[in-house]
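Atom set for the values below is all heavy atoms of this structure, side chains included, hydrogens, waters and symmetry mates excluded. Letters A, B, ... are given to chains in the order of the sequence lines, protein chains preceding strands, and every chain is numbered from 1.
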Protein chains: 2
Amino acid sequence: MLSHTEENYLKALFHLTTENIGKNKAGTNELAAHLNVKPASVNDMLKKLKEKKLIHYEKYGKISLTAEGKRKAVDIIRKHRLWETFLYEKLEFSWDEVHEIAEQLEHIQSAKLIDKLEKFLDYPEFDPHGDAIPNAKGELNIQPRKTLSEIAIGKTCKLIAVKDNSATFLQYVVKVGLGISSKIKVLSRQDYDAIMEIEVDGKRSSVSQKFAENIYVL
Amino acid sequence: MLSHTEENYLKALFHLTTENIGKNKAGTNELAAHLNVKPASVNDMLKKLKEKKLIHYEKYGKISLTAEGKRKAVDIIRKHRLWETFLYEKLEFSWDEVHEIAEQLEHIQSAKLIDKLEKFLDYPEFDPHGDAIPNAKGELNIQPRKTLSEIAIGKTCKLIAVKDNSATFLQYVVKVGLGISSKIKVLSRQDYDAIMEIEVDGKRSSVSQKFAENIYVL
DNA sequence: TGTTTTTGTTAGGTAAGCCTAACTTGCATA
DNA sequence: TATGCAAGTTAGGCTTACCTAACAAAAACA
Ligand SMILES: [Mn+2]
Ligand SMILES: [Mn+2]
Ligand SMILES: [Mn+2]
Ligand SMILES: [Mn+2]
C-alpha cells in the first residue's frame with residue numbers, strides 16, 4: 001500500500017517521463033518543482049521509491065519509473081480521470097473545477113469502486129480535458145499530439161485536449177470561446193514574440209505562445 | 001482546515017456523546033478504544049483539539065464537543081452518509097461494503113461537491129443503514145430509538161436501522177433474512193442469556209443479545 | 001582545460017500522529 | 001477512612017514528510 005504522498009510522486013514522474021514522448025527520464029530539481037517541494041525532500045523520497053522497486057535511480061543519475069511504478073502511476077491517473085468525468089458528467093461541475101477535487105479523489109483505495117464508477121459512466125474514453133482514460137488493465141494509448149503553436153498560418157485545426165489543467169488557464173480558454181472539439185483558424189503569428197491571432201466561431205482573439213503550447217489540436 | 005485524523009476524533013466524539021442520548025461526555029480510554037489507538041495518543045490529540053476550541057476538556061476531566069466541534073462532526077457524518085447512499089443507490093454496492101469506502105470519502109474537502117452530490121441523489125433522508133442524513137445547515141434529528149432487545153415476546157416490530165456498520169454484522173443480518181423495513185416477530189427470549197427466537201417472512205432464527213442490541217426497531 | 005553555474009546530496013531539525021513504560025489521580029469498595 | 005485498581009497523564013521515542021544550510025558532483029562555458 002502506497003501513501004498519498006508516494007502516489008503523488010509516481011504520478012508526477014509519469015507526467016514528466018512516460019507521458020512526454022521522447023523524454024523518459026527526470027531530474028531531482030524538475031520533480032521538486034513539479035510537486036512544489038524542495039529538492040532535498042525529493043531526494044529522501046527517491047531512496048524510498050527505489051527501495052520499493054518503483055523507480056530506477058542511482059546517485060547523481062536520472063530517474064525513471066520501473067514497470068511496476070508505471071503501473072501504479074497509470075492506476076492513479078485512471079482514477080483521477082474517471083472522477084473528473086463523474087464530476088463533469090453527473091454532478092455538472094465545470095471543467096475548470098474538476099481537477100482540484102479529483103486530486104483528492106484519486107487517492108481513494110478501492111479497485112471495485114473505480115471499476116463500478118467506470119461502468120456507471122458507461123466506459124468513457126476521455127476525461128473533460130480530452131485526456132485518454134486508462135482501462136482496468138492499465139493500458140493507455142499515448143499518441144504524439146500537436147499543439148496550437150505548431151499550426152501553420154491559414155490552417156484550421158480542432159481542439160482535442162488541453163495540457164494545463166489549472167482553473168485560471170481553463171477559464172481563459174472558455175473566455176476565448178474554446179472547448180473540446182472547437183475549430184480554430186490560425187490567422188497570423190508575430191515573428192518577434194509568437195503571439196497568434198486566431199478565429200473561433202467567427203470571433204477573433206490574440207493568444208500568447210504559452211497559451212498556444214497548452215492547447216492540443218488535430 | 002482539519003486533518004484527516006482530527007476529523008476522525010471529532011466524529012468518534014460525536015458518536016460517543018451527542019448521538020447517544022442521555023450521555024454527553026466521553027473519557028480518554030473510551031475514545032482510544034473507539035479509534036483503535038492508545039490512551040496516550042488520545043491525550044496528545046485532546047490538547048490540540050482543546051487549543052482549537054473544538055472540545056471542552058480539563059485535565060482528568062470528561063470530554064465533550066463545543067458547538068463548533070459538533071458542527072464539524074455533523075458535516076463529516078453528512079458526507080459519510082451521502083457517500084454511502086451514492087455507493088448503494090448509484091454504484092450498486094451492497095450495504096455491507098459501503099461503510100469502509102465512505103470512511104475514506106468522508107474526508108474529501110469540497111462543500112460544493114457534497115451539495116451537488118446531495119442534489120444528484122435527490123436529497124435522501126436516510127443512508128443505507130437507516131441513519132438520518134444531516135442537511136447542509138448541519139441539522140440532524142436524533143430521536144431515541146428502541147432496539148430489538150427491548151421488544152416484548154409476541155410483539156411484531158419493523159427494522160428501521162442498524163447500529164453496527166461492520167461488514168460481518170451486516171452480512172449476518174442479511175443471512176437472517178433482515179433488511180431495512182423488515183417485519184420481525186419476537187417469539188421467545190431465554191431468561192439465562194437473553195437469546196431470542198425471531199420470525200422474519202416465515203423464517204425462524206435464534207439471535208444473541210448482542211445481535212438484538214444492534215438492531216433498531218419501531 | 002579551468003572556472004563558474006547548475007544540479008543533486010547530506011546533515012540535522014521540525015511537526016503530526018502514533019507508540020511503550022512509568023507515573024499520578026480519583027473513584028469504588030472494603 | 002484507607003487502599004487498591006481503573007482511568008488518565010507524562011516522558012521519551014519512532015516514522016513520515018517536509019524544511020534549511022552546507023557541501024559535492026556534473027555540466028556549461030570561457
Ligand atoms: Mn486533472
Ligand atoms: Mn494527488
Ligand atoms: Mn457508515
Ligand atoms: Mn474517517
Side-chain angles (χ1 to χ4, degrees), chain A residues 1-13 15-17 20 23-65 69 72-73 76 103-104 106-109, chain B residues 1-13 15-17 20 23-65 69 72-73 76 103-104 106-109:
Chain A
M1 182 107 308
L2 298 174
S3 72
H4 186 121
T5 310
E6 289 167 327
E7 289 193 345
N8 283 337
Y9 273 84
L10 293 181
K11 192 174 62 136
L13 277 169
H15 286 135
L16 290 174
T17 63
N20 265 330
K23 182 170 177 298
N24 62 331
K25 284 173 185 310
T28 305
N29 288 1
E30 193 186 1
L31 188 49
H34 198 267
L35 289 164
N36 277 306
V37 296
K38 302 294 164 189
S41 308
V42 169
N43 201 272
D44 287 348
M45 184 60 89
L46 293 180
K47 287 168 189 161
K48 212 194 316 173
L49 294 176
K50 191 200 166 158
E51 186 59 37
K52 292 192 176 185
K53 297 195 191 313
L54 297 167
I55 60 170
H56 296 297
Y57 165 69
E58 296 304 329
K59 209 169 154 181
Y60 291 106
K62 288 294 168 187
I63 314 150
S64 63
L65 290 165
K72 293 260 159 65
I76 301 155
E103 284 290 306
Q104 297 179 63
E106 74 191 10
H107 301 292
I108 302 293
Q109 300 295 342
Chain B
M1 182 106 310
L2 298 174
S3 72
H4 185 123
T5 310
E6 288 168 327
E7 290 193 344
N8 283 337
Y9 273 85
L10 293 181
K11 192 174 63 138
L13 278 168
H15 286 136
L16 291 174
T17 61
N20 264 330
K23 183 172 177 298
N24 62 332
K25 285 174 184 307
T28 305
N29 288 0
E30 192 186 3
L31 188 50
H34 199 266
L35 289 165
N36 278 304
V37 295
K38 303 293 163 188
S41 308
V42 169
N43 200 272
D44 287 348
M45 184 59 89
L46 293 180
K47 287 169 189 161
K48 210 193 318 174
L49 294 176
K50 189 196 169 163
E51 185 60 35
K52 291 192 175 186
K53 297 196 190 318
L54 296 167
I55 60 170
H56 296 295
Y57 165 68
E58 296 303 330
K59 212 171 155 179
Y60 290 105
K62 289 294 168 188
I63 315 149
S64 63
L65 290 166
K72 292 261 160 64
I76 300 155
E103 284 290 307
Q104 297 179 63
E106 74 191 9
H107 301 293
I108 302 292
Q109 301 294 342

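The distance between atom CG of A/N29 and atom C1' of C/dT9, rounded to the nearest whole Å, is 11 Å. Taking atom CG of A/L2 as the reference point, atom P of D/dT16 lies 13 Å away to the nearest angstrom. Nucleotide C/dT7 holds its P atom 14 Å from the NZ atom of A/K38, rounded to whole Å. As a whole-Å value, the separation of A/L35 CG from D/dT16 P is 18 Å. In this structure, CD of A/E30 is placed 11 Å from C1' of C/dT7, rounded to the nearest angstrom. One can place CG of A/L31 at 11 Å from P of D/dC18, the figure rounded to the nearest angstrom. Look at CG on A/N43: it is 15 Å from P on D/dT20, rounded to the nearest Å. In this entry the distance linking CG of A/L46 with C1' of C/dT7 reads 13 Å, nearest Å.
If you check D/dT20, C/dC19, D/dT9 against the side chain of A/A40, the one that comes closest is D/dT20. Side chain of B/D44, nearest nucleotide from D/dC19, C/dG26, C/dC18: C/dC18. Closest to the side chain of A/T28, out of D/dT9, D/dA7, C/dT9, is C/dT9. In the set D/dT9, C/dT9, C/dC19, the nucleotide with an atom closest to the side chain of A/P39 is C/dT9. The nucleotide whose nearest atom lies closest to any side-chain atom of A/K47 is, among C/dT10, C/dT9, D/dG8, C/dT10. Of the candidates D/dC18, D/dA7, C/dC18, D/dC18 carries the atom nearest the A/V37 side chain, counting heavy atoms from C-beta on.
The environment of A/K38 atom NZ is sparse: at most 12 non-hydrogen atoms of other residues, nucleotides or ligands sit within 6.0 angstrom. Around NZ of A/K53, the count of heavy atoms belonging to other residues, nucleotides or ligands within 6.0 Å does not exceed 12.
Contact check for A/N24 versus A/S64: no side-chain heavy atoms found under the 4.5 Å cut-off.
Checking A/E6 against B/Y57, the closest nucleotide of DNA chain D that is more toward the 5' end is the one next to B/Y57.
Between B/K11 and B/E103 there is a salt bridge, with a side-chain nitrogen of the basic residue lying less than 4.0 Å from a carboxylate oxygen of the acidic one.
Checking the phosphate oxygens (OP1, OP2) of D/dT10, a side-chain nitrogen or oxygen of B/K59 falls inside 4.0 Å. Between A/Y9 and D/dT16 there is no side-chain N or O to OP1 or OP2 distance below 4.0 Å. Between A/K62 and C/dT7, a side-chain N or O to OP1/OP2 separation shorter than 4.0 Å is absent.
Among the atoms of the strands shown, base atoms are found under 4.0 Å from some heavy atom of A/S41.
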Using the rule given for salt bridge (charged side-chain N to carboxylate O under 4.0 Å, His left out), can you reason through B/E6 versus B/K72, listing the C-alpha separation, both sets of side-chain angles and the distance that settles it, and then say yes or no? CA-CA 10 Å; B/E6 288 168 327; B/K72 292 261 160 64; over 6 Å; no
